[in-house]
Amino acid sequence: MKVNTYSEIWNLDVFFPKGSDSDELQKFIVQTEESIKGFEAKVNNWTPLNSVEDSQFLQELLRDLEEAAKKLTHAGAFIGCLLAQNTKDKKAYSLDAKITSLGAVFQTAIGSLDHHFTTIDDSVWGQLVATEPLKEFSFVLTESREKAKEKLSKEEEALISTLEVDGYHSWGQLYDLIVSKIKVPFSENDEEQQLSVGQAFNKFSNPDREIRAAIFKNWEQAWGNQADILAKTLNHLAGFRLSVYQKRGWGDVLQEPLSINRMEKVTLETMWSVISQHKQKLVNYLERKAKLLGLKKLSWFDLDAPYGKTETKVPYQEGAHFIEQNFALFGEKLAAFTKNAFEERWIEAEDRPGKAPGGFCTYLPENEQSRIFMTYSGTPSNVSTLAHELGHAFHSYAMREVPFLNCNYAMNVAETASTFAEMIVADAAVKNAKDEEEKLVLLDDKIQRTVALLMNIHARFLFETSFYEERKVGTVTADRISELMLAAQKEAYCDALEEYHPLFWASKLHFFITDVPFYNFPYTFGYLFSLGIYAQALEEGKGYEEKYMALLRDTASMKVEDLAQKHLQVDLTQKDFWEKAVGTCLADIDEFLELTEKK
Ligand SMILES: [Zn+2]
């Protein structure tokens, strides 16, 4: 079979030629600034009439808002690509700082607009958002208005935003600074190396247990050395957040994350309760894995260990072809879209020094194109990552005709299309495995992800819940924080591990992110939500693509409960959907247990 040869280097010149030296980019940033300033001035000069006659001016404001948002997103995404492809691009850093400050101005202006909304009476508001063409935006506009109502006065919120720079976000930045200086010692071939946190972390997926155990010991110690400073950081970050919540009269720390993710608390509770009911099967897997590794119980540092020692290498062209082939079995649109993305060089995959770690997909709205960034070195998980990011790009593609204001989807649904795409490829890989050994390796890889999402993320959620309760009363010491983490891990893993990672609260960046609180449960939600959709797709076959794309188009203009009701005819506050989704993951475990029965 003929395999196409695709470039492994992306094309950024279609947006702006010459990267961070581009004059066109400079001009574009100036235009972006003008758009934002223009919008800001209009918002500040607006005094709502508090009648349906506001409709005219509001339409104008929304047009300006959309224009500025698109430009800012476009410039930000482009500069993000520059920084990722070359971490030493100094010009790109200064452009990035410019975009960040423009973003802050824009956010403040949006805050003022939302505040204007609160001055309009409920009855007038109802009429306003029922008129054309505002009707299309009724969900997002009403959501902004409701959120603004739950906040303090305009002046007080402006003051909070100002104080956040040094009193809140800076704690998150301090964390990054401390982490960048941490070195984890590691000896290999009698040579002592000083590894960065990222390098050390990669050793946890080493097939050699001695290496994993050795790095884990030094890993815990390295974080332990910084525990006091990191505990202080975490306490102040959480303390700031809690003070703001208290002033706004928000009693529940979950209020903000749930509202950001457009979901009900009962949905979250139902999800966790279904997961907890099915933990035994996960424990069976962990026990079997321990047995296969010749251990009584697994330790924390065994969780990412691969099954077996076979290393399969998949060259880029082969990986790309495999993805194309299997996407085609799902739907024509996904297949055609993917082919185009490869041909038009939307993907940066080359394995070379100087690139940023990790992978992402970003959308450049002015050209209606996405760009995918990753480093492809030929591991099977690289193929999954590539499929994953293509899924994100397809989500943007499905939404390309949706007005930009209705494209701002939350994190819990952001992973729908990516997980879906990854599942197509992962299942195909298991099905096409050349022998039982390879099949087990691939199944194990899938199950590890399930364990991470249903146990590890659960531990993070339990930890944050208990940590915030104690932080409300006062400062929590480093030792106490570690105790809370240990308790959360034991509960989430049902006591199935030999050793835990009490300093996980220090080593996990997610606890220090200030943009979004509780940066954990949306992962699990997204994973299971996607699996539920995937299960339906398998039942219904090829014709499902239209339905699937219709769901994707609505991901940013509905509450998740309504989205699921409309497109999947399921009630997320009830157990059925979650049972089915969890069942999909557990089927992999059944297969794994059966295949390894006699080993
Ligand atoms: Zn993703």
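Whatever order the structure lists ligands and atoms in, that order sets their numbers, starting from 1. Because the structure is predicted, anything quoted here is derived from the model rather than measured.
Of the possible donor and acceptor atoms, one in the side chain of Asn382 sits under 3.5 Å from a partner among the backbone N and O of Thr379.
The cationic group of Lys439 does not satisfy the cation-pi geometry with Tyr307, failing either the under 6.0 Å distance to the six-membered ring centre or the 45° limit from the ring axis.
Remark: Asp96 pairs with no residue by the salt bridge (charged side-chain N to carboxylate O under 4.0 Å, His left out) rule, at least two apart or across chains. In this view, Glu366 satisfies the salt bridge (charged side-chain N to carboxylate O under 4.0 Å, His left out) rule with no residue, not counting sequence neighbours.
Atoms of the protein (N, O or S only) found under 2.8 Å from the Zn ion (ligand 1) are His388 NE2, His392 NE2, Glu415 OE1, Glu415 OE2.
The side chain to side chain donor-acceptor pair (under 3.5 Å) contacts involving residues 394-407 comprise His395-Thr555, where partners must be two or more places apart or lie in separate chains.
A salt bridge is absent between Arg241 and Glu256: the closest approach of a Lys/Arg side-chain nitrogen to an acidic carboxylate oxygen does not fall below 4.0 angstrom.
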